[in-house]
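Here is the structure we will look at.
Note that the numbering runs from 1 along the sequence shown for the chain.
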Amino acid sequence: MRSIRLLPILASLCAACLLAPAHAEVAPTPAAAIEALFDGRAGEAQRYASAFREQVSPQQVAEIVADMERRLGGLERIDTRRSGALLHFERGRVPARIALDAEGRISQLWFGAAELDDDIDSLAGLIQALPGDTALLVVADGEPLVSHNAQAPLAVGSAAKLVVLRALALAIEEQRLAWDQVVTLEPGWRSLPSGQLQEWPAGTPVTVATLAHLMISISDNTATDALIHLVGRDAVEAISPRNVPFLTTRELFGFKADDAEGLRERWREGDIDARRAILAGLRDAPLPAVDSLSPDVTHQIEWFLSAEELCELLDATQGSPSLSINPGLADPAQWQQVAYKGGSEPGVLNLSTRLVAADGRSHCVIASWNDDAALDQQALFDPYRSIIERLAGEPK
């Protein structure tokens, strides 16, 4: 969820990042070359070196430029820096880097994450205005600065792994498990990506701490299911009674398959006992193939948590090394401590961050978004990241 440096391939996860090689008459300076891209000339093939065009098409660059202008307004000025440039738009800023070959063609190009100019209330308004259902909670030292649908349970995807982490921490406090305890991967724990353990052989020894780190930092689903089995489903459900029975990721994928509409209907209509019976029937079912999962199944069956509950979980698990590996959309250099977990799947997006400033003040920023239509993730990323920037201090 941060800008990604690729050389020379295009990436568009954050604001869109390009790093690649430009043809013909082009602006002689890097700043002028960038300005030309925002002057309607981004799609001109002669502006790019051939090696760049082999990896990134001019049309792709044009689409990224158009998307930035749609979200941020027109380009107003370019400040050059030793490390590149800072592009100032009507509603925010984007860092950029560019390199030209000997003939003035673009050989490398990178756009970083956008920072919006608005204050926290205005940024919150952008999130509240998103289609579908949204929730937002911004807390500073226990006092809410923004609270929008903060008590409403929304689907949160992998952010529900905070429930598992909390249950694990309690099991370790009770000495039922230990961080350095070695377990061997069981075939029944195998799930689908995200993650990497699904590729590891059954019987591989791993520590409980490794499982926790992978579950949180790269949202490893197999690690998650391993921990649910080790801790016990009942212990996880004690943390989040709303989500009884608490699904493993493997079980959730079973409901997402194209041919599982009947199963989904039974789940939606069933009470807790009926749902437990459904899960018992799935115990020996094979893992569905990735290409059998329906993109149209959004948040009908999921894990549901409120923004307040997620903030409480981050507070309860503060200090966990697992939460500090992946900082999400926060800049770790601006904070004494960053704890992050997010979640996403079709129709579901969550960002949950706990921040501790140099002076010891703590902040919690939680945003959830559910819709039956495809989500434009950047529409949430930009204001969310900018809220964190506002909490850190004035924009640069």
Side-chain angles (χ1 to χ4, degrees), residues 1-22 26-43 47-49 52 56 58 60-101 104-120 122-123 126 327-335 338 355 365 377-396:
M1 289 189 197
R2 292 171 292 162
S3 55
I4 300 174
R5 185 178 188 276
L6 295 181
L7 183 63
I9 298 174
L10 168 70
S12 59
L13 186 55
C14 218
C17 309
L18 303 130
L19 216 40
V26 155
T29 68
I34 293 176
E35 187 173 356
L37 299 180
F38 291 87
D39 194 24
R41 290 174 278 174
R47 300 202 165 274
Y48 308 94
F52 186 102
V56 183
Q60 286 177 289
V61 181
E63 289 172 357
I64 290 168
V65 166
D67 180 66
M68 274 192 280
E69 292 180 313
R70 176 184 62 79
R71 292 185 289 109
L72 303 173
L75 179 66
E76 295 183 333
R77 76 176 193 273
I78 300 174
D79 292 342
T80 57
R81 298 172 163 186
R82 183 187 298 264
S83 60
L86 186 65
L87 313 186
H88 292 263
F89 296 84
E90 294 175 58
R91 297 190 292 275
R93 293 157 304 286
V94 173
R97 291 197 294 273
I98 189 171
L100 307 179
D101 67 10
R105 300 169 301 185
I106 296 174
S107 59
Q108 295 182 3
L109 181 62
W110 173 88
F111 295 120
E115 181 188 339
L116 304 184
D117 283 332
D118 302 317
D119 59 23
I120 287 179
S122 298
L123 294 165
L126 295 176
L329 298 183
D331 180 359
Q334 295 180 314
W335 301 94
V338 177
L355 307 148
V365 186
Q377 294 190 344
Q378 205 64 48
L380 180 60
F381 289 170
D382 285 349
Y384 183 91
R385 179 189 297 106
S386 296
I387 287 173
I388 291 176
E389 290 285 347
R390 294 295 91 73
L391 293 172
E394 289 302 311
K396 302 179 183 64

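Between P58 and G43, the shortest heavy-atom distance links the atoms CB-O, 3.5 Å. Closest heavy-atom contact between V365 and Y384: O-OH, 2.6 Å. The two residues A36 and R47 come nearest to each other via the heavy atoms CB-NH1, 4.0 Å. Between A96 and I34, the closest heavy-atom pair is CB-CD1, 4.4 Å. Contact record, F38 with M68: CZ-CE, 3.7 Å, taken as the closest heavy-atom pair. When all heavy atoms of P327 and V338 are compared, the closest pair comes out as O-CG1, 3.7 Å.
For E63, the side chain to side chain donor-acceptor pair (under 3.5 Å) criterion is met by Q59, not counting sequence neighbours. A search for salt bridge (Lys or Arg N to Asp or Glu O under 4.0 Å) contacts involving R77 returns D79, not counting sequence neighbours. For S122, the side-chain contact (heavy atoms from CB on, under 4.5 Å) partners two or more places apart in sequence, or in a different chain, are D118, D119.
Here the straight-line distance linking atom CD of E115 with atom CG of L123 works out to 9.5 Å at 0.5 Å rounding. To the nearest 0.5 angstrom, L37 atom CG is 6.0 Å from I98 atom CD1. Between L116 atom CG and R390 atom CZ the span is 7.5 Å, to the nearest 0.5 Å. Separation of atoms CZ (R91) and CD (E76) is listed at 10.0 Å; rounding is to 0.5 Å. Rounding to the nearest 0.5 angstrom, the gap separating the CG atom in L126 from the CD1 atom in I387 is 8.5 Å. To the nearest 0.5 Å, atoms CZ (R385) and CG (L380) are separated by 10.0 Å.
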Any chance you could lay out the side-chain contact (heavy atoms from CB on, under 4.5 Å) test for E35 and R41, step after step, and finish with the verdict? CA-CA 9 Å; E35 187 173 356; R41 290 174 278 174; over 6 Å; no
Please lay out, stage by stage, how T29 and L100 fare under the test side-chain contact (heavy atoms from CB on, under 4.5 Å). CA-CA 8 Å; T29 68; L100 307 179; 5.9 Å; no
I'd like to know whether I120 forms a side-chain contact (heavy atoms from CB on, under 4.5 Å) with L391, so could you lay out the CA-CA distance, the side-chain angles of the two residues, the decisive distance to 0.1 Å, and finally the verdict. CA-CA 8 Å; I120 287 179; L391 293 172; 3.8 Å; yes
